[in-house]
2 protein chains.
Amino acid sequence: MIEKLTMKTNTEHCDARETLEKTSLYKTPQRIAVLDTLISSSVPLSVNDILKKICTQQKINKVTVYRILTSFKGKGIVREIETARGISYYEISCHHNPVHAHFSCRHCGMLVCLDPLTVSQTWEWFTRPRNFTIDHITITMTGTCHQCEGTLNCNSTADVVNNT
Amino acid sequence: MIEKLTMKTNTEHCDARETLEKTSLYKTPQRIAVLDTLISSSVPLSVNDILKKICTQQKINKVTVYRILTSFKGKGIVREIETARGISYYEISCHHNPVHAHFSCRHCGMLVCLDPLTVSQTWEWFTRPRNFTIDHITITMTGTCHQCEGTLNCNSTADVVNNT
DNA sequence: AAGTATTTGCAATTAAGTTGCATTCATGAT
DNA sequence: ATCATGAATGCAACTTAATTGCAAATACTT
Ligand SMILES: [Mn+2]
Ligand SMILES: [Mn+2]
Ligand SMILES: [Zn+2]
Ligand SMILES: [Zn+2]
């Protein structure tokens, strides 16, 4: 009856070059490097994480990584996870990896993916005392409010939609 | 059968001075001002929001507001809500105001409180297409990981616990 | 009223993320 | 293969939320 919320482990992966072709993004060495880094990572990565991993092999600029991640987000290739420390982490958003919850340590910043929530698991989380030392749960839905919908320039269609 | 997720509206309020006495915090004009501001607000406020509201009546420093909010968080008087724009918002955490989800507009930053989720409402959110333009749902649980629990100095007991 | 621990204010700092602009580069056409 | 062109990159400067150190002010205890 009591289902445990387990940690998520990816087994299958997508191909970086293939993904870039499908989304009609220029196949630059930087984009391939960022995408390969995310694909081969078992945990979501921050911009600094990505920079450190890539810098051992090729030169890449911090701003470029930010811009690449923004374009990937727009195409739905990656998801952004905002943590309690104000740092964004990024993870692949393919059919192998549906939306799920995360646990983030407020001391070391460590971030782990949790398996997608079922209704009964959600129930567990909201009613039962946990044996983990979680002291804060954030559920935030982001989007466009009614007021802004009217004011908005009619050019933004690509950068909205990110629920795999 | 289909329950709608409605907006939360507070009616009852707690007393600022009383709250400070109960939590054995020095009753300074600054603390009273910050607490009064949060108590009388129907929406969560950022540090800048709080500063602007208070500055019309008394002088207060930005750093002081940050430190006051940190102490309030430690005592469980307020909750912090991190938004997709990297700005924290704060709301009263008393028995009149249990933990709930939030909606945040990624364009204007507007933040509204939503009524606490029931199981069927959670089910709605995760399975059904919404008629609101939400493009991102963040669920993050923050706390202390197993590794850090060991490394942690045995002095921090006050600043953990924040689930009303 | 005096002593003391706490809090406040100010200035300087940190760090994530953004912007403008010149240079380089990937792609498709010749 | 070469060229033209729009797109991507790199660099420097900037923005802004949040933090830190320290001296001055202040709330509480006796
Ligand atoms: Mn994840
Ligand atoms: Mn709220
Ligand atoms: Zn940790
Ligand atoms: Zn808005």
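Naming: A, B, ... by sequence-line order, numbering from 1 per chain.
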Do E80(A) and S88(A) get their side chains close enough for a donor-acceptor pair, meaning under 3.5 Å?
->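 Indeed, the side chains of E80(A) and S88(A) share at least one donor-acceptor pair under 3.5 Å.
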Does a donor on one side chain and an acceptor on the other come within less than 3.5 Å for E91(B) and H100(B)?
->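 Result is yes, a qualifying pair exists.
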Can you find a side chain N or O atom of K59(A) that sits less than 4.0 Å from OP1 or OP2 on dC11(D)?
->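 Yes.
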Examine dC10(C): is either OP1 or OP2 under 4.0 Å from a nitrogen or oxygen in the side chain of N61(B)? Give yes or no.
->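 Yes, such a contact exists.
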Please work out if S88(A) contacts a base, only the sugar-phosphate, or nothing of the nucleic acid, heavy-atom cut-off 4.0 Å.
->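 Here S88(A) touches the backbone only, sparing every base.
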Please list, by residue number, the residues of residues 43-51 of chain B whose heavy atoms come closer than 4.0 Å to an atom of DNA chain D; answer none if no residue qualifies.
->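 Close to the strand are N48(B).
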Please report the distance, rounded to the nearest Å, between [atom1] in [X] and [atom2] in [N].
| X | N | atom1 | atom2 | value |
| --- | --- | --- | --- | --- |
| L69(A) | dG17(C) | CG | P | 10 Å |
| Y66(A) | dA15(C) | OH | P | 12 Å |
| E80(B) | dA17(D) | CD | P | 14 Å |
| F72(B) | dT8(C) | CZ | P | 9 Å |
| Y89(B) | dA17(D) | OH | C1' | 12 Å |
| I32(B) | dC28(D) | CD1 | C1' | 14 Å |
| K62(A) | dA15(C) | NZ | C1' | 8 Å |

Can you name the atoms? Protein N/O to nucleotides 26-30 of chain C N/O, anything below 3.5 Å, with the distance.
from	atom 1	to	atom 2	distance (Å)
dT27(C)	OP1	K27(A)	N	3.0

Donor-acceptor pair, [X] side chain versus [Y] backbone, under 3.5 Å?
| X | Y | value |
| --- | --- | --- |
| T19(A) | D15(A) | yes |
| R31(B) | Y26(B) | yes |
| S40(A) | D36(A) | yes |
| S41(A) | T37(A) | no |

T64(A) has a side chain; which of dT8(C), dA16(C), dG10(D) sits nearest to it?
->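 Looking only at side-chain atoms, T64(A) lies closest to dG10(D).
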Out of dG17(C), dT8(C), dT19(C), which has the shortest distance to the side chain of V63(A)?
->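 Comparing dG17(C), dT8(C), dT19(C) against the side chain of V63(A), the answer is dT19(C).
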Examine L45(A) and V63(A) and state if one hydrophobic cluster contains both, with Ile, Leu, Val, Met, Phe, Trp and Tyr joined whenever side-chain heavy atoms are less than 4.5 Å apart.
->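 The answer is no; the residues belong to distinct hydrophobic clusters.
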Check side chain to side chain contact (heavy atoms under 4.5 Å, CB included) between T70(A) and all other residues, then give those that pass, not counting sequence neighbours.
->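 Result, side chain to side chain contact (heavy atoms under 4.5 Å, CB included) vs T70(A): none returned.
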Spell out yes or no: do the side chain of R67(A) and the base of dG10(D) have one donor N/O and one acceptor N/O closer than 3.5 Å?
->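 Indeed, a donor on one side and an acceptor on the other fall under 3.5 Å apart.
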